[in-house]
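Before we start, here is the structure in question, set down as structure tokens.
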Amino acid sequence: GVNVPVANIVPNPEIGTIDIYDISQSAQVVTIRGSNFLINLATVAPGNEPSVTLIQPGRSPNCQVLSSDATTVVCQVSGDALLPSLNLTAIVASNGASSSIGVVGLVLPIPVITATSHDLAQDAPFLTIMGTGFQSANPPPDALTYVNLTQEGATPTCVIYSVTPTMIVCQVD
């Protein structure tokens with residue numbers, strides 16, 4: 001008898017638990033990190049392409065895979081909107097095997113600024129912005145929260161001083 005290969009044994013994909021990150025509620029693209037994902041989309045056999053199933057309570061947003069390598073899958077979100085303040089979980093299938101369900105991020109609400117008609121002195125050292133959905137790690141500044149100010153004839157900067165879910169205080173330069 002001659003040995004004839006009948007199958008390639010491949011490890012199941014695994015969703016990483018270390019790289020959980022915050023995802024905007026309006027996210028168009030989700031990046032999932034882990035291991036044993038497909039390495040080359042161009043050489044995959046039909047039907048073995050990686051796929052992602054996103055899961056939130058009562059919803060199943062679609063996630064079309066845009067790119068994949070051994071440790072990362074990037075997919076485009078469509079369909080059901082992501083619900084804020086809930087973990088986004090996923091199952092990744094690749095090479096005919098599926099991962100266990102894993103948390104890929106916390107969905108953050110879209111920040112909303114409360115309009116105000118208060119005047120601000122030209123030499124005021126701080127600006128307080130009220131609203132909802134603000135997020136920050138401690139201590140500020142961080143990449144989650146930033147403020148872009150516009151003023152006719154100038155481009156002031158707003159260095160984050162403190163952030164709560166309903167208030168941002170920044171130093172105006």
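Note that the structure is a prediction, hence the values are computed from the model and not measured.
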- Query: Is a side-chain N or O of N36 found less than 3.5 angstrom from the main chain of N12, in a donor-acceptor match?
  - Reply: yes
**Prompt:** Does a side-chain heavy-atom distance below 4.5 Å link I129 with V147?
**Reply:**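 I129 vs V147: side chains touch.
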Review point. Going through the checks in order, is the side-chain contact (heavy atoms from CB on, under 4.5 Å) test met by Q64 and C75?
Key: CA-CA 5 Å; Q64 177 186 355; C75 63; 5.7 Å; no
Does any part of the side chain of V77, heavy atoms only, come nearer than 4.5 Å to the side chain of Q28, both counted from C-beta?
no
(request) Given side-chain contact (heavy atoms from CB on, under 4.5 Å), test V172 with T157 step by step and report yes or no. (result) CA-CA 6 Å; V172 181; T157 59; over 6 Å; no
So do L82 and L88 actually touch side chain to side chain, heavy atoms under 4.5 Å? yes
Side chain to side chain contact (heavy atoms under 4.5 Å, CB included) partner of I91, the single match among S99, S100, P13: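 Going through the options one by one, the only one that passes is S99.
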State, yes or no, whether a side-chain contact exists between P61 and L54 at a heavy-atom distance under 4.5 Å. yes
inquiry  = Same cluster or not: M130 versus V169, using hydrophobic residues (I, L, V, M, F, W, Y) connected whenever any side-chain heavy atoms lie under 4.5 Å apart?
reply    = yes
- Within a strict 4.5 Å, meaning less than it, do heavy atoms of the T164 and F134 side chains meet?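 Contact flag for T164/F134 side chains = no.
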* **Single-linkage hydrophobic cluster, 4.5 Å side-chain cutoff, I101 and V92 together** => no
d(F37 CZ, T71 OG1) to nearest 0.5 Å is 8.0 Å
So CE of M167 and OG of S162: to nearest 0.5 Å the spacing works out to 5.5 Å
**OP:** Taking the side chain as every heavy atom from C-beta outward, state whether V52 and I32 have any atom pair closer than 4.5 Å.
**Re:**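 When only atoms from C-beta onward are counted, I32 and V52 do touch, with a gap below 4.5 Å.
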Between the CG atom in L127 and the CD1 atom in I168, the distance rounded to the nearest 0.5 Å is 9.0 Å
Exercise: identify the closest heavy-atom pair between I110 and Q25:
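Minimum heavy-atom contact is N-OE1, 3.4 Å.
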For residues 84-132, the ring pair (Phe, Tyr, Trp, His ring centres under 6.0 Å) pairs (sequence neighbours left out) are F126-Y161
Can you run down the ring pair (Phe, Tyr, Trp, His ring centres under 6.0 Å) pairs that involve residues 73-114, sequence neighbours left out, and say none if there aren't any?
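Every candidate ring pair (Phe, Tyr, Trp, His ring centres under 6.0 Å) pair involving residues 73-114 fails, so no pair, neighbours aside, qualifies.
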task: First locate atom CD1 of I23, then atom CG of L86, and finally report the distance between them rounded to the nearest 0.5 Å.
output: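 I23 atom CD1 to L86 atom CG measures 11.5 Å (nearest 0.5 Å).
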V29 vs V74 side-chain heavy atoms within contact, under 4.5 Å:
yes
Separation of C170 SG from I160 CD1 (nearest 0.5 Å):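 The CD1 atom of I160 sits 5.5 Å away from the SG atom of C170.
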* To do: List in chain and number order the residues that pass side-chain contact (heavy atoms from CB on, under 4.5 Å) with P165, two or more places apart in sequence or in another chain; answer none if no residue qualifies.
  =>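 Not a single residue meets the side-chain contact (heavy atoms from CB on, under 4.5 Å) criterion with P165.
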Shortest non-hydrogen pair, I15 vs V103, comes out as CG2-O, 4.1 Å
Shortest non-hydrogen contact between S68 and V73, atoms and distance: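 Where S68 meets V73 most closely, the heavy atoms are OG-CG2, 3.8 Å.
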Contact between Q56 and T89 at the side-chain level, heavy atoms closer than 4.5 Å - yes or no? no
